[in-house]
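Below is one structure, written out as structure tokens; the observations come after it.
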Amino acid sequence: MLEKFLKPYDPAATEGRIYEVWEKSGLFNPDECVKQGVTKADAPSYSIVLPPPNVTGRLHMGHALMLAIEDVFIRYKRMRGFRTLWVPGTDHAAIATQSVVEKQIKKDENKNRHDLGREELLKRIEKFAAESHDTIINQLKTMGASLDWSREAFTLDETRSRAVRTVFRRMYDAGLIYRGHRIVNWDPRGQTTISDDEVVYEEEKTTFYYLQYGPFTIGTARPETKFGDKYVVVHPDDARYAAYKDGQQIELEWINGPITATVIKDTSIDVAFGTGAMTITPWHSAADFDIAERHELDKEQIIDEYGKLLPIAGEFAGMKIGEARGKIVEKLRAKGLLVKEEPYTHNVATAERTGGIIEPQIKLQWFIDVNREIPGRGKTLKDLVIGAVRSGAIKIIPEYFEKTYFHWVENLRDWCISRQIWYGHRVPVWYKDEEIVVGEAPAGDGWAQDEDTLDTWFSSGIWTFSTLGWPEDTSDFKTFHPNDLLETGYDILPFWVMRMILMTEFVLNTIPFKVVYLHGLVRDTQGRKMSKSLGNNLDPLDITAKFGADAARMALVVGNTPGTDMRMSEDKIKGYKHFANKLWNVARFILENAREKKNDSKTWPSGPERDHFSPREHELLNECDTLAKEVTTDIEEFRVYLAAEKLYHYAWHELADKILEESKPILVGVDADARASRARLLLALLDRTLRLLHPFMPFITEEIWQSLPTKDSQFLMVATWPATIHT
RNA sequence: GCGCUCUUAGCUCAGUUGGUUAGAGCGUUCGCUUCACACGCGAAAGGCCAUAGGUUCGAAUCCUAUAGAGCGCACCA
């Protein structure tokens, strides 16, 4: 008996060592597998690209879940003989990373980005990003992820940057990327534009004011924007205002004195809301902007980029809007322009990353046009994004998320891709006088590059192929694209999944992946989201140190159906630590008792395994093979949560509880043939169980495998999958 | 407003295309240091599968409605 089996299983003493051996073997790399003869050179390929974690700190349990599921598929396919590639990488996460570092600098040194300057700030961010990167890589390895480290990528490295510039250029040339003055979500706190999906709405209780606007009564929740309002809009069919004609001018007294207002009739007005009459502020409201565009009205900025009122506000100029509102209301009241006030509940737009209250602004920005026909394709980007899923080329799991996907795409508007932050891909556009160059930097002096950077999703949108060396026509790209699977959280279906489909369909005229597997959120025992502020997050490193990565992986996978949130507790993980120990003891028992005493030494039983089996032993082996087939089907059909549960049940409640127990009398019996036959059976069952469990619990299964007399491969990791063994 | 999901044991959840007596983990109760394992073994209690209809030889599973919970998108003068 090997000494290690005399003690309970100790993941802490095992997992790190095993990972190191795997890594040294080079077998995470499909090319190396072919070279070492464990995979056939002409075997079909299987590829997944790791959703790149943001370099904003460290991984959480959601990442651990993602790794557990992806590694199951990868290890399974590798054992089935596929040329299997799982590409690791990290995401610079532009705005998220910059805002973390800026907050830290503000706290430590009370300085903002302009105090430091672009170069110094970038240096600080890069240092922080590098540290986060190292932590993350360490965590990925701790979880047992069999990623091919020789292919590690970063969204901001040179290969990926060139891919970004190339894609930008192609979209620009196709007329899909344009620059224009449009109303955007401006985050005064982050000092940048953000996209529609980075906006979170928060309910706010406030006051709704009715103001006298000449002969009209208008309603507003934001009196501080009303200084420049010189258009009053009503519905053309509204009988109450039939006396006023479209374009009619009216003299009236307003906040800072008499103005001339113009009546506009527009069908977008809801006659039932307020008084059915409203004034518009096109510079600070998307809806108002649209009305102004339709009627070719003037637009005027009222609030600056820091959320302060401009000189148009007269005596209120320079005030922050929060401070100004009350004072403006007082003045309106004093002038007799305030008709009435009502309590009002509405949603306020805030920035996801900084929490700043969004102030819509008209800005010169870069956009991707999703509704423009692509030259030579007869379709828009929106068409492509819908078509890829509707045609069945991409399958989403669970299927009902396809409806969410379509619903989301139908509401898609032009994508604002420029950001006024410094960390990220600089917009690849250079200007000189009237000239403009797009793509690569032009030679010669006097060129100035666009100051803005690109939305971080621009570079993650091309991740499935930028990681494979595109735009070079690499063999990786030819072999591994499209990916076979994309596995990610359902919460980024619109942000990321949809954008990858959009970018890939445009650039490569194909899909980025065949299947999208969406996992749910990992919540705490009370169903709350895990977060730093609540202090309820489990750190994967702590968990693996305490219970082992195998236990954590099982706890995350078993019973966790795609698309559904799960609650995670230490108790559940502890349960699977116990299971690991059970497996360890099953191995100990079989390895100890399966040997025949001959003279003073013990030997393993030999001979073809099935030849001397009793009918009962045939039955037991068949049952195990049936399980192998079921588990194989479950994995193929993405029911890994069921496969894991079945294996757990089999190993503990069949193999250990029943088969081992019924074998005990045989193994101590007088019939030598029966003893040998039973020993051979137990070894066969253990062998199969380890193979089947390996994708789920890679460490302990590999560790036991190394002591198996039936071992037919140096590593279990590249041993043959049982359902393909036919004896 | 549009759309999605969920409701199964005390708790957290499985239940794959409708098919014997609806399962697991944790928890609870009782009994066991039985020579693989107390990170264990044996046993037990606990469910009109949210409610009401319908389809079917047969429904936790399919359809309709209702109630409750959660979520996404849009609007928000």
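Heavy-atom basis, side chains included; hydrogens, waters and symmetry copies ignored. As the structure is a computational prediction, the values presented were derived from the model and not from experiment. So that the names make sense, note that chain A is the first sequence line, chain B the second, and so on, each numbered from 1.
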Of the candidate nucleotides [options], which contains the atom at the shortest distance from the side chain of [X]?
{"X": "A:Lys582", "options": "B:C41, B:G72, B:C4", "result": "B:C41"}
{"X": "A:Asp571", "options": "B:C41, B:C26, B:C76", "result": "B:C26"}
{"X": "A:Asn581", "options": "B:C39, B:G25, B:G42", "result": "B:C39"}
{"X": "A:Asn347", "options": "B:A36, B:C75, B:G25", "result": "B:C75"}
{"X": "A:Ala287", "options": "B:C76, B:A36, B:G25", "result": "B:C76"}
{"X": "A:Thr404", "options": "B:A36, B:A74, B:G72", "result": "B:G72"}

> Of the residues in residues 486-500 of chain A, which ones touch RNA chain B at a heavy-atom distance under 4.0 Å?
Replying inline: none
Determine, for [Y] and [X], whether the Lys NZ or Arg CZ falls below 6.0 Å from the six-membered ring centre while staying within 45 degrees of the axis.
{"X": "A:Arg182", "Y": "A:Phe289", "answer": "no"}
{"X": "A:Lys340", "Y": "A:Tyr210", "answer": "yes"}
{"X": "A:Lys664", "Y": "A:Phe589", "answer": "yes"}

> Taking A:Thr281 for the side chain and A:His284 for the main chain, is one N or O donor matched with an acceptor at less than 3.5 Å?
Replying inline: no
> What's the spacing between A:Ile394 CD1 and A:Leu486 CG if we round to 0.5 Å?
Replying inline: 9.0 Å
According to a strict under-4.0 Å criterion, is [X] in side-chain N/O contact with OP1 or OP2 of [N]?
{"X": "A:Trp652", "N": "B:C41", "value": "yes"}
{"X": "A:His407", "N": "B:G1", "value": "no"}
{"X": "A:Lys574", "N": "B:G25", "value": "no"}
{"X": "A:His578", "N": "B:C37", "value": "no"}

>> Strictly under 4.0 angstrom, non-hydrogen atoms only: write out the protein contact profile of nucleotides 12-17 of chain B, one letter per nucleotide from the 5' end, B, S or -.
In response: SSSSB-
>> Let's test your reading of the pairing rules: Watson-Crick or G-U wobble, both distances under 3.5 Å, then write RNA chain B as a dot-bracket string with ( ), [ ], | and dots.
In response: (((((((..((((.....[...)))).(((((.......))))).....(((((..]....))))))))))))....
> Hey, do the aromatic rings of A:Trp415 and A:Phe367 have their centres closer than 6.0 Å?
Replying inline: no
> Below 4.5 Å, heavy atoms only, C-beta onward: do A:Thr217 and A:Leu211 meet side chain to side chain?
Replying inline: no
>> In the structure I gave you, are the side-chain heavy atoms of A:Glu487 and A:Val72 within less than 4.5 Å of one another anywhere?
In response: no
> Which is true for A:Lys572 with a 4.0 Å heavy-atom rule: it touches a base, it touches only sugar-phosphate, or it touches nothing?
Replying inline: nothing
> When only distance counts, do a donor and an acceptor, one from the side chain of A:Glu661 and one from the base of B:A36, lie under 3.5 Å apart?
Replying inline: yes
